[in-house]
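Read the structure below first, then the notes.
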Amino acid sequence: MIWMTILGILVFAVGLLVSIAWHELGHLSTAKLFGIRVPQYMVGFGPTIWSRNKGETEYGLKAIPLGGYIRMIGMFPPGEDGRVEARSTSPWRSMIEDARSAAYEELQPGDEKRLFYTRKPWKRVIVMFAGPFMNLILAFVLLLGVFMVVGATQQTTTVDAVQPCVIQLSEKRTDCRKSDPIAPAKAAGLQSGDKIVAFDGKPVADWPTLSERIRESRGAVTVTVERDGQQKVLNATLIENTVSKRDDNGNPVPGTQKAGYLGFTAQQIDEPLTFGQSIDRMGIMMEDGVQALVAMPSKIPDLWDAAFNGAERKADSPVGIVGAARISGEIFGMELPVENTLGMAVFLIAGFNLSLFLFNMLPLLPLDGGHIAGALWESLRRKLARLFKRPDPGPFDVAKLMPLAYVVAGVFVCFTLLVLVADVVNPVRIS
């Protein structure tokens, strides 16, 4: 058991390193394609464990596998006076000049035409977008493999278990009391193994349709089931109950709502999806990812309470690298069939890559999206200058935004540390 848990953590660690290396390969390959000199390609941060020089680039692995980078010569243009070295005592100005100076370290004769900032804005956009795009490609390939080979867990219209009584969701218990009313499904004679083929006289072919009709109904209805090869019509009286919210596909989402209640759980199966169904499922994941990213600041109070006040860690709470590694270890320790274990592990790594893509596309420095925004702004203002016959404003000096970049980086570091503490002391669990 413990060895399988360790194996799961190692599998995620390897997947993490591959994802980072793949991301940086996108930057590296496009930078070299456009003639930009790249002195370093590194996976990880901190002390260098291993490196090798090939051509003009040093390739290496560092001790802390929490990211990676490539170093491109001339990330920022020279200052207004044409100088690149740091020379100011002002702390904010010093940040700008230090960043500019670092961008010109290892400058060699002939590099004047190989600087990043001298490339056209559209080329710089491609270089900076290539990293996140590689994560998106990897997520797409991994998810496509999981959905079409292993399949996705789907609820069916076959009854798995019938609830014996009605228990309010807020009570958080499973044992029935004498005062609890009998569940409508139990009273109607619904049994485990029954396949519901029609609800209130209308055929149902899938779980989302059945779930929606149950939730919309109150009072007397008919439930047609297949049992032992024969159809049987049951009479049920649905009640209104407080239940978990569901999305359009019938899957649970945070929150509760008042809805019609029958009182049974549906069987779940892992069923391979078609290519089209896989694309639809990935589209839903992308949409959910964007919504989660937008909602992330609102999760901070709950994270703080979970980390320091012993509050319950919510299922939709943000999870960091440590938390994801723990989940991977938990997956391997669950003694599931091999294909399910590998499928869930690959799904986790694919989700990590999708998150990397979305996060890096935020238009904030020091993220890739911040550099993309800077290049697009430069292109726009140069076009406007030509349109109004004004002098070319020249390259947009992204280095001037470095004080803001340090603030953004500081916020990210604080949030990462908060998630780390929560992942250690009050982790999200799947079992």
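Note that this is a predicted model, so its numbers are computed, not measured. Hydrogens, waters and symmetry mates are skipped; everything else that's a heavy atom, side chains included, is used.
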How about T156 and Q267: does a side-chain donor come under 3.5 Å of a side-chain acceptor?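 No - no donor-acceptor pair under 3.5 Å links their side chains.
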Side chains of T57 and K32, donor plus acceptor under 3.5 Å: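 A donor-acceptor contact under 3.5 Å links the two side chains.
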With sequence neighbours excluded, tell me which residues meet side-chain hydrogen bond (donor to acceptor under 3.5 Å, both in side chains) with R213.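 R213 satisfies side-chain hydrogen bond (donor to acceptor under 3.5 Å, both in side chains) with no residue once adjacent residues are dropped.
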Partner set under ring-ring contact (aromatic ring centres under 6.0 Å, His included) for [X], not counting sequence neighbours:
X    : value
F45  : none
Y59  : Y41
F347 : none
F359 : F412

M282 vs L144, side chain to side chain contact (heavy atoms under 4.5 Å, CB included): CA-CA, chis, key distance, verdict: CA-CA 8 Å; M282 282 186 262; L144 194 64; 3.9 Å; yes
Once you round to the nearest 0.5 Å, how far does [atom1] of [X] lie from [atom2] of [Y]?
X    : Y    : atom1 : atom2 : result
T341 : L336 : OG1   : CG    : 4.5 Å
R124 : F34  : CZ    : CZ    : 12.0 Å
W377 : L401 : CH2   : CG    : 11.5 Å
D423 : I327 : CG    : CD1   : 7.5 Å
I321 : L420 : CD1   : CG    : 9.5 Å
L16  : I9   : CG    : CD1   : 13.0 Å

Any donor-acceptor pair under 3.5 Å from [X] side chain to [Y] backbone:
X    : Y    : result
R326 : P427 : no
R381 : G394 : yes
K62  : G46  : yes
N426 : A311 : yes
R71  : P39  : no
W50  : G60  : no
S328 : G8   : yes
E378 : F396 : yes
R313 : A422 : yes

Kindly indicate, with the supporting measurements, whether the criterion side chain to side chain contact (heavy atoms under 4.5 Å, CB included) is fulfilled by L136 and L354. CA-CA 6 Å; L136 183 62; L354 185 59; 4.0 Å; yes
Contacts table for residues 192-200: side-chain donor-acceptor under 3.5 angstrom, sequence neighbours left out:
unit_1 : atom_1 : unit_2 : atom_2 : d
S192   : OG     : D160   : O      : 2.8
D194   : OD1    : R227   : NE     : 2.8
D194   : OD2    : Q191   : N      : 2.8
D194   : OD2    : R227   : NE     : 3.4
D194   : OD2    : R227   : NH2    : 2.8

Quick one, [X] and [Y] - any side-chain contact, counting heavy atoms below 4.5 Å?
X    : Y    : value
L348 : F12  : yes
E216 : E212 : yes
Q163 : Y261 : yes
M148 : P272 : no
M361 : D368 : no
M42  : E24  : no
Y406 : V411 : no
V127 : I36  : yes

Does [X] have any side chain to side chain contact (heavy atoms under 4.5 Å, CB included) partners at least two apart in sequence or in another chain, and if so, which?
X    : value
L273 : F147, A152, Q154, Q277, S278, R281
E312 : K172
S379 : P121, K383
S19  : N135, L138, I349, F352, N353

Which pairs, with at least one residue in residues 123-165 and sequence neighbours excluded, count as a disulfide bond (SG atoms under 2.5 Å apart)?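 Listed by first then second residue: C165-C176.
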Measure across [X] and [Y] and return the closest heavy-atom pair with its distance rounded to 0.1 Å.
X    : Y    : result
V146 : G343 : CG2-O, 3.8 Å
P363 : A373 : CB-CB, 4.2 Å
Y69  : G44  : CE2-O, 3.9 Å
I167 : D175 : CD1-O, 3.8 Å
P395 : Y117 : CG-CD1, 3.9 Å
V166 : P184 : CG2-CD, 4.1 Å

Any side-chain hydrogen bond (donor to acceptor under 3.5 Å, both in side chains) involving residues 358-367? Give me the pairs, sequence neighbours left out, ordered by first then second residue.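 Residue pairs passing side-chain hydrogen bond (donor to acceptor under 3.5 Å, both in side chains), neighbours aside: none found.
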Salt bridge or not between E56 and R114? Use side-chain N to carboxylate O under 4.0 Å.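 Judged by the 4.0 Å cut-off on N to carboxylate O distance, E56 and R114 do form a salt bridge.
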Between D316 and K299, does the salt bridge (Lys or Arg N to Asp or Glu O under 4.0 Å) criterion hold? Intermediate values first, please. CA-CA 9 Å; D316 63 341; K299 306 293 183 182; 2.7 Å; yes
Do the rings of H27 and H23 sit parallel, tilted or perpendicular, given the 30° and 60° boundaries?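 Perpendicular.
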Evaluate side chain to side chain contact (heavy atoms under 4.5 Å, CB included) for L293 paired with L362, printing each intermediate quantity in order. CA-CA 10 Å; L293 194 61; L362 289 175; 3.9 Å; yes
Derivation of the side chain to side chain contact (heavy atoms under 4.5 Å, CB included) call for T5 and F332: CA-CA 6 Å; T5 300; F332 274 73; over 6 Å; no
Just wondering, are more than 12 heavy atoms of other shown residues or ligands nearer than 6.0 Å to CZ in F133?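 Result for CZ/F133: open.
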